[in-house]
Protein chains: 2
Amino acid sequence: MNSESKTTRLIRQTFKDFLVSKGLRITNQRLAILDAAYDCSDHFTAEDLLERSREIDSSVSRATVYRALPILIESKLIRQVDVGLEHKFYMANRNANTFQAQVICSDCEKIFEIDAPFMDWYGKTVADKLALHVESQRLQVTAHCDELKVAGVCKRKC
Amino acid sequence: MNSESKTTRLIRQTFKDFLVSKGLRITNQRLAILDAAYDCSDHFTAEDLLERSREIDSSVSRATVYRALPILIESKLIRQVDVGLEHKFYMANRNANTFQAQVICSDCEKIFEIDAPFMDWYGKTVADKLALHVESQRLQVTAHCDELKVAGVCKRKC
DNA sequence: GTGCTTGCAAAGACTTTGCAAACTT
DNA sequence: AAGTTTGCAAAGTCTTTGCAAGCAC
């Protein structure tokens, strides 16, 4: 049972604990939205999330998705990935500890998440200069696909 | 005459050349919008730009600002600075050659632009791993103001 | 039962677009 | 004169909000 794996249960429990700790209620819609988010291996938009949530619980409405997103972000179970494209993206926060950078292919608009531990140190150094305390950092690299330019196709489904 | 400085003339000429090279027309509104953008030492939103443009040429409309922004960005005279705050920001591209990072104060939402030449190397290295060719990079550090937390005030007008 | 949550539809915020008049070339 | 560009207002897109009914506790 994929939906009952050990990890899934742990994630759900974390979310439930978070809701309780905030005096919020555990609802089927919120759980469906959480599961839908973790069902995506990739980045997703609010609209994607609505669609996937509805496959799990058809009663989920757009409003509920938009209301759930800030909660999921605050709980650190998902994070916002704003890459300056048309839409805002989100993704499940599977490895919250390493600093992640995004490489965005401008040909196919695919977003790659990569570890960039060095950034962490650098960002802190930079903020120290301004006497600010770092909360979060983002490194985004926009790039185009060499393969696509040459061969007209990109192996990574660009 | 501030509006007739050497730099200003150079910028205007660059823009005019760009327009001509694209078969677009040189209009007072477009020039007003360009001047307004370079009149800001800081980041600005589309709405800010409308307001400032109208001080130069009161006939500038919101639609024209929105139509001019992509042209100004394509000409590299301004660039978009998307920091994931409420609005999209833009800024004059005064030093296009150095990689810029943004440090965003989450207390006052002020945005500091800093040089981060090392990022450039790092971003390229990272993109090379994926066989992509770097177009642009952004490093954004969100931080909060220590002074504000302690003293309730921030010298840099946080 | 109490009061947080929900879905719906309407409202909001920001941006884009259709059209006739005005302007650049 | 020919064809772009403009301002206006309307339409779009994405997101938020008000409200009464429904649900978790």
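A, B, ... follow the sequence lines: proteins, then strands. Residue 1 opens every chain.
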Enquirer: Report, one pair per line, the protein and nucleotides 2-4 of chain C atoms (nitrogen or oxygen only) whose separation is under 3.5 Å.
Expert:
residue: C/dG3; atom: N2; partner: A/Arg25; partner atom: NH1; Å: 2.5
residue: C/dG3; atom: N3; partner: A/Arg25; partner atom: NH1; Å: 3.3
residue: C/dC4; atom: O4'; partner: A/Arg25; partner atom: NH1; Å: 3.4

Enquirer: Is it true that B/Asp35 and B/Arg52 make a salt bridge, defined as a side-chain N closer than 4.0 Å to a carboxylate O?
Expert: no

Enquirer: Rounding to a whole Å, what distance do you find between A/Phe89:CZ and D/dC14:P?
Expert: 11 Å

Enquirer: Separation of A/Ile73 atom CD1 from D/dT15 atom C1', in whole Å?
Expert: 13 Å

Enquirer: Could you tell me whether the phosphate oxygens of C/dT6, OP1 or OP2, come under 4.0 Å of any side-chain nitrogen or oxygen in A/Thr27?
Expert: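 For A/Thr27, the contact criterion (side-chain N or O under 4.0 Å from OP1 or OP2 of C/dT6) is met.
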
Enquirer: Output all residues satisfying side-chain hydrogen bond (donor to acceptor under 3.5 Å, both in side chains) with B/Glu51, sequence neighbours left out; order by chain, then residue number.
Expert: none

Enquirer: At what distance, to the nearest 0.5 angstrom, does CD of A/Gln80 lie from CD1 of A/Ile73?
Expert: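 So the CD of A/Gln80 and the CD1 of A/Ile73 are separated by 4.5 Å.
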
Enquirer: Given atom CG of B/Asp57 and atom P of C/dC23, what is their separation to the nearest angstrom?
Expert: 11 Å

Enquirer: What is the distance, rounded to the nearest whole Å, between atom CD1 of B/Ile71 and atom C1' of D/dT6?
Expert: 12 Å

Enquirer: Relative to the 5' end of DNA chain C, which residue comes earlier, B/Ala46 or A/Val60, by the nucleotide with the nearest heavy atom?
Expert: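 Its nucleotide being nearer the 5' end, the pick is A/Val60.
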
Enquirer: Nearest of C/dT17, C/dT24, D/dA24 to any side-chain atom of B/Ala63?
Expert: C/dT17

Enquirer: Roughly how far apart are A/Ser58 OG and A/Gln29 CD, rounded to 0.5 Å?
Expert: 10.0 Å

Enquirer: With respect to the side chain of A/Arg67, which nucleotide from C/dT6, C/dA9, C/dT25 is positioned closest?
Expert: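 The listed nucleotide nearest to A/Arg67's side chain is C/dT6.
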
Enquirer: Atom CG of A/Leu50 and atom P of D/dT13: how far apart are they, to the nearest Å?
Expert: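 Those two atoms, CG and P, are 16 Å apart.
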
Enquirer: How many angstroms lie between CG in B/Leu49 and OH in B/Tyr90, if you round to the nearest 0.5 Å?
Expert: 9.0 Å

Enquirer: Looking at every non-hydrogen atom in both residues, tell me the closest pair between B/Ile26 and B/Leu31 and how far apart they are.
Expert: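 Heavy atoms only, the tightest pair is CG2-CD1, 4.0 Å.
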
Enquirer: Report the distance from atom CG of A/Leu31 to atom C1' of C/dT5, rounded to the nearest whole Å.
Expert: 13 Å

Enquirer: Could you state the OH-P distance from A/Tyr66 to D/dT17, rounded to the nearest angstrom?
Expert: 13 Å

Enquirer: When the distance from CG of B/Leu19 to P of D/dT5 is rounded to whole Å, what number comes out?
Expert: 8 Å

Enquirer: Taking B/Asn93 for the side chain and B/Lys76 for the main chain, is one N or O donor matched with an acceptor at less than 3.5 Å?
Expert: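 Looks like yes, one N/O pair under 3.5 Å.
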
